[in-house]
There are 2 protein chains.
Amino acid sequence: MDRQKIKEAGLKLTPQRLAILDYLRDNLEHPSAEDIYKAILERFPTMSFATVYNTLETLREKGAIQELTIDPQKKRFDPNPRPHHHLICNRCKKILDIHIDYQLHVPEEKKNGFEIVGNHIEFYGICPGCRLKMSGMQS
Amino acid sequence: MDRQKIKEAGLKLTPQRLAILDYLRDNLEHPSAEDIYKAILERFPTMSFATVYNTLETLREKGAIQELTIDPQKKRFDPNPRPHHHLICNRCKKILDIHIDYQLHVPEEKKNGFEIVGNHIEFYGICPGCRLKMSGMQS
DNA sequence: TATTAATTGATAAATATTATCATATTGAAA
DNA sequence: TTTCAATATGATAATATTTATCAATTAATA
Ligand SMILES: [Mn+2]
Ligand SMILES: [Mn+2]
Ligand SMILES: [Zn+2]
Ligand SMILES: [Zn+2]
């Protein structure tokens with residue numbers, strides 16, 4: 001989301017918002033609110049944690065980002081609002097994009113009257129880094 | 001999980017465990033820890049919330065249940081440990097099983113070195129109950 | 001029945017998120 | 001530019017969920 005789009009969404013152009021959006025732009029790490037807060041604190045020491053949450057919620061409302069519920073411990077944020085899938089490392093919780101368009105048809109008789117509007121696939125696995133650490137230790 | 005299997009897993013047969021397992025047996029609602037606690041309290045007033053969490057974690061370790069991370073607010077528990085997919089109502093968070101075996105192939109070049117061990121599809125939608133409530137009100 | 005290792009339950013602590021609200025800032029209008 | 005109202009921020013409290021601690025209890029075995 002650029003300055004143009006922020007205004008179009010009826011949002012004020014604050015330094016905090018710009019810092020958060022700047023941090024998220026092209027970010028593929030799916031950071032948590034705390035990740036974002038800590039990263040920005042270094043260059044923006046007056047940033048409040050509450051503002052991070054406020055801003056993320058505002059951006060989500062406007063459809064500029066999405067909230068991921070993949071990590072059981074905390075919400076993770078994705079600056080790419082377009083539907084795509086994810087691969088998560090069971091060990092370190094690293095999240096990677098999977099851009100593949102699967103055709104997931106659900107026959108009417110399995111919908112139980114639901115109106116389906118979307119889907120999201122979580123792939124589970126072990127990342128290369130964790131695999132290395134694991135080989136050479138037990139369990 | 002029946003009495004037989006509990007013993008085989010090296011677990012003691014306590015009334016609390018039996019109550020929780022009994023509540024979960026054939027339960028298709030994917031209840032939260034609190035749901036489980038409240039339901040059992042009625043018939044088992046000495047049950048502690050900590051015991052619910054302890055028991056659920058023990059059962060998960062033993063592979064008897066699975067923890068779902070579909071609901072952003074809280075963990076939900078599924079007495080069916082076999083892989084299957086879910087359909088969640090965006091409005092009321094009701095969760096339904098989807099038993100369909102999709103073949104989700106990920107080409108090597110999109111795995112980024114990950115070793116993929118499983119997957120889980122979340123379908124999003126609106127349940128019949130919520131659809132009814134929505135027709136007749138705005139937003 | 002005695003023993004002991006596992007389990008429970010009370011409670012504190014940790015973690016993550018949301019709410020509150022006085023103060024500050026933005027953007028538009030004058 | 002200055003003024004002003006709506007919006008946003010930041011400090012902090014409150015809430016919600018989950019995990020940790022540990023003394024007391026209980027299940028299973030001998
Ligand atoms: Mn993503
Ligand atoms: Mn299920
Ligand atoms: Zn990893
Ligand atoms: Zn619903």
Side-chain angles (χ1 to χ4, degrees), chain A residues 1-23 30-41 43-62 64-77 93, chain B residues 1-23 30-41 43-62 64-77 93:
Chain A
M1 217 187 198
D2 57 5
R3 304 171 80 98
Q4 181 64 38
K5 286 217 157 62
I6 297 173
K7 302 204 100 179
E8 282 172 17
L11 300 177
K12 287 186 177 176
L13 218 53
T14 70
Q16 292 87 346
R17 270 179 194 159
L18 292 171
I20 291 172
L21 281 165
D22 186 55
Y23 176 72
H30 308 89
S32 67
E34 196 188 6
D35 293 336
I36 296 167
Y37 174 62
K38 283 186 174 165
I40 292 177
L41 253 198
R43 295 173 172 267
F44 204 141
T46 71
M47 169 76 63
S48 159
F49 208 159
T51 297
V52 174
Y53 273 106
N54 286 341
T55 302
L56 291 169
E57 171 57 12
T58 301
L59 294 175
R60 195 197 54 74
E61 272 174 12
K62 298 298 181 181
I65 65 174
Q66 55 177 317
E67 237 178 60
L68 301 181
T69 309
I70 303 176
D71 185 335
Q73 311 309 320
K74 51 181 72 142
K75 292 179 181 167
R76 308 267 297 243
F77 296 87
K93 308 304 174 190
Chain B
M1 215 184 198
D2 56 6
R3 304 171 81 98
Q4 182 63 40
K5 285 219 158 61
I6 296 173
K7 303 203 99 178
E8 283 172 15
L11 299 176
K12 287 187 177 175
L13 219 52
T14 69
Q16 293 85 345
R17 270 179 193 157
L18 292 170
I20 291 172
L21 280 164
D22 186 56
Y23 176 72
H30 308 88
S32 67
E34 196 188 6
D35 293 335
I36 296 167
Y37 174 60
K38 281 186 175 165
I40 292 177
L41 254 199
R43 294 173 173 268
F44 203 140
T46 71
M47 169 75 64
S48 158
F49 208 160
T51 297
V52 174
Y53 274 106
N54 286 341
T55 302
L56 290 170
E57 171 57 13
T58 301
L59 294 175
R60 195 197 55 74
E61 273 175 12
K62 299 297 181 184
I65 66 173
Q66 54 177 316
E67 236 178 60
L68 301 182
T69 309
I70 303 176
D71 186 335
Q73 311 308 322
K74 53 181 70 142
K75 292 179 181 168
R76 310 266 295 242
F77 296 87
K93 308 303 174 191

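Naming: A, B, ... by sequence-line order, numbering from 1 per chain.
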**OP:** Would you indicate, yes or no, if D/dA8 has its OP1 or OP2 atom less than 4.0 angstrom from a side-chain nitrogen or oxygen of A/Thr51?
**Re:** no
Subject >> Nearest-0.5 Å distance that lies between atom CD in B/Glu34 and atom OH in B/Tyr53 >> reply: 8.0 Å
Subject >> Distance in Å, A/Ile20 CD1 paired with A/Tyr37 OH, rounded so as to fall on 0.5 Å steps >> reply: 11.0 Å
**OP:** Taking heavy atoms of chain B and a 4.0 Å limit, find me the 5'-most and 3'-most nucleotide of DNA chain C within that range.
**Re:** C/dA5 to C/dT11
Original post:
Just checking, is any N or O donor in the side chain of B/Asp35 or B/Ser32 under 3.5 Å from an acceptor N or O on the other one?
Top reply: yes
Original post:
Once you round to the nearest 0.5 Å, how far does CG of A/Leu68 lie from NZ of A/Lys75?
Top reply: 11.5 Å
**OP:** Would you give the length of the straight line joining atom CG of A/Leu11 to atom CE of A/Met1, rounded to the nearest 0.5 angstrom?
**Re:** 6.0 Å
Original post:
Are the charged groups of A/Arg76 and A/Asp71 less than 4.0 angstrom apart, N to O?
Top reply: yes
Subject >> Shortest non-hydrogen contact from B/Leu41 toward B/Met47 >> reply: CD2-O, 3.8 Å
Original post:
Which nucleotides of nucleotides 14-23 of chain D have their base under 4.0 Å from a protein heavy atom (B), which only their sugar-phosphate (S), and which neither (-), written as one string 5' to 3'?
Top reply: ---SBBB---
Original post:
Which value, rounded to the nearest 0.5 Å, describes the distance between A/Ile70 atom CD1 and B/Ile70 atom CD1?
Top reply: 12.0 Å
Subject >> For atom CD of B/Gln16 and atom P of D/dT26, their distance in whole Å >> reply: 9 Å
Original post:
B/Ile6 and B/Lys62: side chain to side chain contact (heavy atoms under 4.5 Å, CB included), yes or no, with the steps?
Top reply: CA-CA 9 Å; B/Ile6 296 173; B/Lys62 299 297 181 184; over 6 Å; no
Protein-nucleotides 4-6 of chain D N/O pairs closer than 3.5 Å?
{"residue": "D/dA6", "atom": "N3", "partner": "A/Lys12", "partner atom": "NZ", "Å": "2.9"}

Original post:
Using a cut-off of 4.0 Å on non-hydrogen atoms, how would the nucleic acid contact of A/Pro72 be classed: base, sugar-phosphate, or nothing?
Top reply: nothing
Original post:
Rounded to whole angstrom units, what separation is found between the OH atom of A/Tyr37 and the P atom of D/dT9?
Top reply: 14 Å
**OP:** Would you classify B/Thr58 as touching base, sugar-phosphate or nothing, given that sugar-phosphate means primed atoms plus P, OP1 and OP2, and contacts are heavy atoms under 4.0 Å?
**Re:** nothing
Subject >> Smallest separation among heavy atoms of B/Arg17 and B/Thr58, with atom names >> reply: NH2-CG2, 4.3 Å
Original post:
Is B/Arg60 salt-bridged to B/Glu57, going by a charged N under 4.0 Å from an acidic O?
Top reply: yes
**OP:** Mind calculating the distance between CE (A/Met47) and C1' (D/dA11) to the nearest angstrom?
**Re:** 15 Å
Subject >> Protein-nucleotide distance (A/Ile20, atom CD1; D/dA8, atom P), rounded to Å >> reply: 13 Å
